[in-house]
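What follows is a single structure, written as structure tokens, with notes after it.
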Amino acid sequence: MRELRYNPLTGQWVMVSAVRKKRPWRPEGYCPFCPGAEETGYGWDVLVLPNRYPVLDLSADNPENPEDKGFYKKARAVGKCGIIVETPEHNVEDLDELSLEQMKRVVEAWMRITEQSSKDKRIAYLMIFRNKGKEIGVSLTHPHGQFYALPFIPLKVRLKIDNSRKYYRNNGKCLFCRILEEELASNERIIYENQDYVLFMPFFANWPFESHIYPKRHVQFLTQLNRREIENLADVIRVTTATLNTLFGRQMPYIMGIFQAPFNERTEFYHLHIEFYPILRDASKIKYAAGIETTTWEFTYDGLPEENAERLREACRT
Ligand code: UDP
Ligand code: ZN
Ligand code: ZN
């Protein structure tokens, strides 16, 4: 059984599925993503697999009569959940341990997933993300990312689209390009820069060491990247993770998300970007999204973003 349930109070969809409960929790002595496992086989560098416990399914036929609605709205949980196994090596802790070549292959896998999802009219939005660290709650430690090809545009993404559309209408300019311009001019929160990308802590950071990657070229999708931009994206992701893992001299648990434009709307004003939400505020202290964050979705920031950006810059130099 799987279905989408609409929350009329917030305008969000909840993805309901009984299969999710069956997923293994940190199995010992067996890894489903290692070479030679049931679904993996041998002779690969990067592997894209369907999630075995998907909350969305392209053949979803529940609820049986989505049109036959009472007060509450339901929809079919049509979509796809997948896994990107980023290396055959089980013990790699983070993307900074991959070679540049290997990281490029991961970026190319993201591009292929984007290409495929964009061709399916039922898919409205693709979210590629990565959970890292046991503090985040990963159930399998083999290096992997995930993707959800969604039949709707998530609320947070809709807000970003609406606000950047408004900015574009009022100013004839991309809001993300404008943010980049501002960051480069002030140079207060820039952590790293290569020919094609800027890594910085946003002025409005929520997490103590939140870090964003913006491509310098105004593009909406990973599939628009050229050879050099693919290589430089691999570079900036390795640098970002290395920086976060150097900051406290320990592995940094984080969530990463790749924000591309939606598929079925004209959004040339939108701009591809990647966000990292590292959850540590200190070597042994976690910043929890607790009371105010969870009740209101608004964050408090302990300290000054500019000071933490300086610490990240220092870690990056190291
Ligand atoms: N999974 C899978 N095949 C398996 C075992 C697990 O596809 O044989 C999926 C599982 O459903 C889960 C993901 O692998 O979604 C592991 O993801 P992670 O630990 O990052 O976080 P989770 O999704 O469990 O919160
Ligand atoms: Zn493994
Ligand atoms: Zn732009």
Side-chain angles (χ1 to χ4, degrees), residues 2 15 17-42 44-57 79-95 97 127-149 160-161 163-169 171-184 196-198 212-221 224-225 229 253-257 259-261 267-274 277 279:
R2 42 169 82 78
M15 297 173 262
S17 157
V19 280
R20 288 297 291 158
K21 288 209 299 200
K22 298 207 196 94
R23 72 194 202 277
W25 179 253
R26 296 178 190 162
E28 266 171 50
Y30 174 72
C31 171
F33 300 155
C34 264
E38 211 179 313
E39 290 172 88
T40 57
Y42 294 96
W44 47 271
D45 297 310
V46 171
L47 203 58
V48 178
L49 296 172
N51 192 314
R52 244 182 135 146
Y53 309 91
V55 66
L56 301 170
D57 192 317
K80 200 170 169 185
C81 298
I83 306 281
I84 305 128
V85 186
E86 294 150 336
T87 164
E89 286 174 55
H90 184 86
N91 290 325
V92 161
E93 292 201 87
D94 204 346
L95 299 175
E97 289 173 36
M127 177 46 79
I128 299 173
F129 62 95
R130 188 167 204 284
N131 293 324
K132 183 208 159 183
K134 61 178 189 319
E135 294 88 347
I136 295 289
V138 294
S139 51
L140 296 169
T141 55
H142 192 115
H144 68 282
Q146 299 192 43
F147 66 91
Y148 277 44
K160 286 181 170 188
I161 292 169
N163 284 318
S164 53
R165 181 190 286 114
K166 246 181 253 163
Y167 188 87
Y168 189 82
R169 282 199 186 133
N171 302 279
K173 183 167 208 162
C174 161
L175 178 56
F176 298 87
C177 285
R178 182 68 187 84
I179 288 174
L180 255 189
E181 211 176 88
E182 192 71 19
E183 291 299 332
L184 288 167
D196 296 309
Y197 299 87
V198 179
H212 293 189
I213 297 170
Y214 283 19
K216 292 184 186 173
R217 191 159 68 88
H218 180 77
V219 291
Q220 289 73 47
F221 294 102
Q224 292 167 274
L225 302 179
E229 287 166 331
Y254 64 75
I255 296 161
M256 178 207 82
F259 293 86
Q260 307 190 66
T267 45
E268 50 291 311
F269 54 83
Y270 201 67
H271 193 124
L272 165 72
H273 56 290
I274 300 178
Y277 316 128
I279 64 165

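Both ligands and their constituent atoms are indexed starting at 1 by order of listing.
In this structure a side-chain-to-backbone donor-acceptor pair under 3.5 Å is present from T40 to C34. In this structure, Q220 contributes its side chain and L272 its backbone to no donor-acceptor pair below 3.5 Å. A donor-acceptor pair is defined here as one N or O able to donate and one able to accept, closer than 3.5 Å; such a pair exists between the side chain of H142 and the backbone of T87. Counting only distance, with no hydrogens or angles, the side chain of R52 and the backbone of P32 share no donor-acceptor pair below 3.5 Å.
Of all protein atoms, those that are N, O or S and lie under 2.8 Å from the Zn ion (ligand 2) total 4. Around the Zn ion (ligand 3), protein atoms of type N, O or S found under 2.8 Å number 4.
Atoms of ligand 1 lying under 4.0 Å from any heavy atom of V138, numbered from 1 in the order shown and given with element: 19 (O), 20 (O). Counting the atoms of ligand 1 from 1 in the order shown, those under 4.0 Å from a heavy atom of P32 are 4 (C), 5 (C), 8 (O). Here is the list of ligand 1 atoms found below 4.0 Å of a heavy atom in Q146: 15 (O), 17 (O), 18 (P), 20 (O), 21 (O), 22 (P), 23 (O).
Scanning all heavy atoms of the two residues, the minimum distance from H90 to P143 falls at O-CD, 3.5 Å. Closest approach of L49 and F33 over heavy atoms only: CD1-CD2, 4.0 Å. Nearest approach of P88 to W44, heavy atoms of both residues: CG-O, 3.4 Å.
With a 4.5 Å cut-off on side-chain heavy atoms, D57 and R2 count as touching. In this structure, L140 and I83 have side chains that are not in contact, with every pair of non-hydrogen atoms separated by 4.5 Å or more. Side-chain contact between K173 and E181 is present, with at least one heavy-atom pair separated by less than 4.5 Å. The shortest side-chain heavy-atom distance between Y197 and P215 falls under the 4.5 Å cut-off.
The closest protein non-hydrogen atom to atom 3 (N) of ligand 1 is R52 CB, 3.4 Å. Scanning all protein heavy atoms for the shortest distance to atom 25 (O) of ligand 1 gives R23 NH2, 3.2 Å. The protein non-hydrogen atom at the shortest distance from atom 24 (O) of ligand 1 is S139 OG, 2.7 Å. I83 CD1, 3.4 Å is the protein heavy atom nearest to atom 14 (O) of ligand 1.
Contact annotation: R130 has no heavy atom less than 4.0 Å from any atom of ligand 1.
Between H212 and Y277, the ring planes lie perpendicular to each other; the angle is over 60°, past the 30° to 60° tilted range.
Here the straight-line distance linking atom CG of D94 with atom CZ of R130 works out to 5.0 Å at 0.5 Å rounding.
Of the candidates N131, N51, V85, it is N51 that places a heavy atom closest to atom 12 (C) of ligand 1.
Polar contact check, L140 against ligand 1: a nitrogen or oxygen pair lies under 3.5 Å apart.
Checked against the 6.0 Å centroid criterion, the rings of Y270 and Y168 do not qualify as a close aromatic pair. Aromatic ring centroids of Y148 and F129 lie under 6.0 Å apart.
Contact annotation: for H144 versus ligand 1, heavy atoms closer than 4.0 Å belong to the side chain alone.
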